[in-house]
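Structure first, then comments.
Computed from a predicted model, the values in this text were never measured in an experiment.
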Amino acid sequence: MMRDKILKIAVLGTEKSFFTEEDQETLKQWQIPENASPEQIFLQSALIYSKMQQAGFLPQKLDAQILPATPESRPAIGAKSMFHLGLMLGGTHHQVLPEFIELVDVYQKRVDFQFLPNLLDWGVAKTDIQTSLSRILGQRGKWLSRLNDQWEYLYEVLEPSQVDWEMSSFKERKPYLRSLRITDPPQATELLEKTWDQEETNHKVGFLKIFAENLSLADEPFLEKLRTERRKEVRALVFQLLAKIPQSRYNHQLRQYLDKHIDIQSNLIKNAIDIKFPHEFDREQKDLGVVEKSIIAKGGQKANWLAQIIVKVHPDFWLDKFQKKPDEIVNLIQKSEWNELLIGTISQAAVFHGDQLWLSAFFDQTHNKHNLNLPELIQALEETYLNRLVEKEIKQGVEALYHNKTLFLLLEYSQTKLSDPNTRHIIKLYQELVRKENRKGSYYQWQTKNLLKKLGLRINPDLLPEIREGWTENLENGDHWFADITEFLRLLEFRKEVKDALKND
């Protein structure tokens with residue numbers, strides 16, 4: 001065994017022990033030169049064996065001829081940016097790496113060769129940034145991605161070329177279908193219909209997820225045929241897609257069902273909500289995609305049958321019912337005996353459809369009164385609406401930063417960039433807090449300090465010169481806030497250095 005022989009040579013030295021003739025074939029496979037000195041042969045074999053142990057598998061053999069990568073079309077980033085990249089891949093300010101990749105793409109540049117394998121490994125689980133990553137890896141990165149099965153995720157975001165649909169593999173057809181959804185949606189549908197019955201279930205799901213892009217009423221005929229698919233995961237995705245087409249037949253059926261079971265009785269004093277729950281699970285519910293045993297909301301089984309309908313219907317359905325604005329409707333629903341069911345399900349529908357007015361209304365009216373999925377709701381808020389809510393809560397003063405306060409929740413769960421005016425106000429609140437309580441410690445203060453670390457990733461680093469100013473003059477090493485503020489400012493400084501280096505390369 002090569003491991004034992006390498007260890008033996010390491011202990012006894014090359015003069016008293018060495019590889020036998022039987023080992024020469026292995027050394028040859030490892031491409032170690034026969035005419036090298038014994039010391040060189042030993043050191044190279046030990047290095048190769050250690051790397052094989054780290055990999056945990058034998059390298060695959062490629063029978064096909066490997067053509068060289070095509071010439072690069074983008075210039076490489078400079079030496080300073082490569083230094084920054086090395087730091088991040090090594091663990092220093094690693095949380096800035098997604099922003100770095102986006103900036104490299106914005107400046108139409110690419111990463112040089114030495115870090116390509118590291119970035120390909122890093123990108124396996126980073127689905128939200130793989131498109132930008134594919135562009136900054138350059139032609140050499142695309143070339144490398146075809147030599148390792150773990151990197152095949154890049155096939156989905158590489159610039160697609162036309163393929164023989166019926167003869168090509170799933171990973172070749174997927175990016176091609178995505179490109180057709182943008183350039184020629186009818187052609188995409190026609191190709192998929194042609195082979196649909198022969199596709200594997202996981203391939204069907206993968207293809208249908210692509211249909212969420214550029215979805216329109218023209219997709220309805222194809223999706224309608226799939227409502228009776230045998231596999232439930234395929235059916236579930238079909239119903240979601242149809243629910244997102246406003247004028248679809250399925251959407252109309254959902255609204256009709258709710259109309260039969262929910263009635264709003266208005267008078268001068270109040271609006272009463274009357275809900276007629278279904279008595280049993282029937283064919284109509286099954287045809288609408290309701291799953292008999294599924295639990296998505298509080299309440300009994302009958303409430304959950306109705307809940308599965310509500311979460312798919314656009315919240316604007318309730319505008320017709322109440323004849324009021326979203327914030328007024330949410331306020332009225334809270335006073336209903338069915339408030340837990342309706343608040344939970346209609347807020348999910350707002351997230352599902354991404355309606356910003358309804359998302360804002362639900363957060364503003366209910367976040368501190370009901371058990372909502374706050375992370376999901378806040379993360380669905382777009383930058384403009386998030387900053388409006390932040391601007392409103394800043395006016396509450398320094399205590400708004402304490403744990404579980406409204407402003408704290410918005411900043412804790414959102415990953416959206418903060419506007420410059422909001423950033424300036426939040427920094428002033430932090431500075432006021434430090435001046436008042438820099439030597440105190442509590443659970444709430446600890447949570448607020450942790451929040452400062454997250455803010456360092458979401459505010460404009462160009463504001464660093466003015467953000468540096470204004471912290472208490474008495475803040476010294478050992479004070480309660482010193483380490484956290486120092487870390488926050490260093491993170492901002494690193495982000496600014498990264499941005500400036502890429503801009504000036």
Side-chain angles (χ1 to χ4, degrees), residues 69-148 150-161 171 174-176 178-179 181-183 209-210 212-214 379 382-383 414-420 456-464 491-505:
T70 56
E72 298 290 353
S73 57
R74 288 185 173 193
I77 59 177
K80 190 170 184 178
S81 294
M82 285 292 285
F83 173 72
H84 290 150
L85 177 57
L87 287 177
M88 288 182 283
L89 289 172
T92 302
H93 297 307
H94 62 91
Q95 67 271 47
V96 182
L97 193 50
E99 181 182 15
F100 175 85
I101 289 169
E102 295 285 4
L103 284 171
V104 174
D105 190 30
V106 166
Y107 290 118
Q108 296 285 300
K109 294 178 182 178
R110 63 174 172 83
V111 173
D112 217 344
F113 307 140
Q114 68 187 87
F115 290 127
L116 294 182
N118 306 72
L119 282 170
L120 283 164
D121 282 338
W122 177 85
V124 171
K126 310 294 182 182
T127 55
D128 57 331
I129 204 167
Q130 286 175 353
T131 300
S132 296
L133 183 61
S134 71
R135 291 193 286 259
I136 73 155
L137 292 175
Q139 299 302 321
R140 181 69 63 88
K142 296 177 182 180
W143 179 85
L144 273 175
S145 70
R146 291 174 168 83
L147 304 181
N148 185 334
Q150 291 183 329
W151 298 337
E152 69 177 19
Y153 69 87
L154 214 62
Y155 279 105
E156 297 185 17
V157 291
L158 294 177
E159 190 172 324
S161 57
K171 68 181 180 182
K174 200 173 177 184
Y176 179 53
R178 177 173 283 115
S179 71
R181 285 294 298 172
I182 298 171
T183 61
K209 287 180 178 178
I210 294 173
E213 302 174 25
N214 212 15
Q379 287 167 18
E382 295 174 359
E383 187 171 328
S414 174
Q415 297 174 353
T416 301
K417 299 294 183 183
L418 289 170
S419 69
D420 288 356
L457 293 170
R458 293 170 42 216
I459 64 181
N460 182 2
D462 291 335
L463 297 178
L464 178 62
L491 177 57
L492 273 181
E493 185 176 6
F494 182 77
R495 289 180 58 217
K496 182 167 173 54
E497 287 180 0
V498 164
K499 185 176 179 180
D500 291 344
L502 287 170
K503 185 177 180 180
N504 298 323
D505 274 349

Once rounded to the nearest 0.5 Å, what's the spacing between atom CD of E383 and atom OG1 of T416? 6.5 Å
Quick one: pull up CD in E72 and CG in L137 and give me the separation to the nearest 0.5 Å. 9.5 Å
Examine distances only and state if a side-chain atom of R146 and a backbone atom of K142 form a donor-acceptor pair shorter than 3.5 Å. yes
Applying side chain to side chain contact (heavy atoms under 4.5 Å, CB included) to L87 and H93, what does each step give before you reach the verdict? CA-CA 7 Å; L87 287 177; H93 297 307; over 6 Å; no
Is there a donor-acceptor pair closer than 3.5 Å between any side-chain N or O of N214 and the backbone N or O of R181? yes
Could you check whether atom CD of Q415 has more than 12 heavy atoms from other residues, nucleotides or ligands sitting under 6.0 Å from it? no
Tell me every residue that passes side-chain contact (heavy atoms from CB on, under 4.5 Å) with E493, counting only those two or more places apart in sequence or in another chain. L464, R468, E497
Side-chain heavy atoms of T92 within contact of F494, under 4.5 Å: no
Shortest non-hydrogen contact from P75 toward Q108: CD-O, 3.6 Å
How long is the straight-line distance from CG of L85 back to CG of L97, given to the nearest 0.5 Å? 6.5 Å
Applying side-chain contact (heavy atoms from CB on, under 4.5 Å), name anything that partners D105, two or more places apart in sequence or on another chain. R74, S132, R135, I136
Side chains of K499 and L103, heavy atoms from C-beta outward: is any pair under 4.5 Å? yes
Output all residues satisfying salt bridge (charged side-chain N to carboxylate O under 4.0 Å, His left out) with K496, sequence neighbours left out; order by chain, then residue number. D462, D500
For H84 and A501, which heavy atoms make the closest approach, and how far apart are they? CE1-CB, 3.9 Å
In Å, rounded to the nearest 0.5 Å, how long is the span from NE2 of H94 to CE of M88? 11.5 Å
Backbone N/O of E99 and side chain of R495: donor-acceptor pair under 3.5 Å: no
Full working for side chain to side chain contact (heavy atoms under 4.5 Å, CB included) between V111 and I101: CA-CA 9 Å; V111 173; I101 289 169; over 6 Å; no
Could you work out, with side-chain contact (heavy atoms from CB on, under 4.5 Å) as the rule, every residue matching A69, not counting sequence neighbours? R140, W143
Quick one: OG on S81 to NZ on K503, what's the gap to the nearest 0.5 Å? 13.5 Å
Show every donor-acceptor pair shorter than 3.5 Å between a side-chain atom in residues 115-125 and any protein atom, with sequence neighbours excluded, or say none if there are none.
| from | atom 1 | to | atom 2 | distance (Å) |
| --- | --- | --- | --- | --- |
| D121 | OD1 | W151 | NE1 | 2.8 |

Has D505 got a side-chain atom pairing as donor or acceptor with I77's backbone, closer than 3.5 angstrom? no
Go through the structure and list residues passing ring-ring contact (aromatic ring centres under 6.0 Å, His included) with F100, not counting sequence neighbours. none
K126 side, atom NZ; T131 side, atom OG1 - distance, nearest 0.5 Å: 15.5 Å
Under a 4.5 Å cut-off applied to non-hydrogen side-chain atoms, are K80 and N504 in contact? no
Among L457, L133, I129, find the one that has a side-chain contact (heavy atoms from CB on, under 4.5 Å) with P98. I129
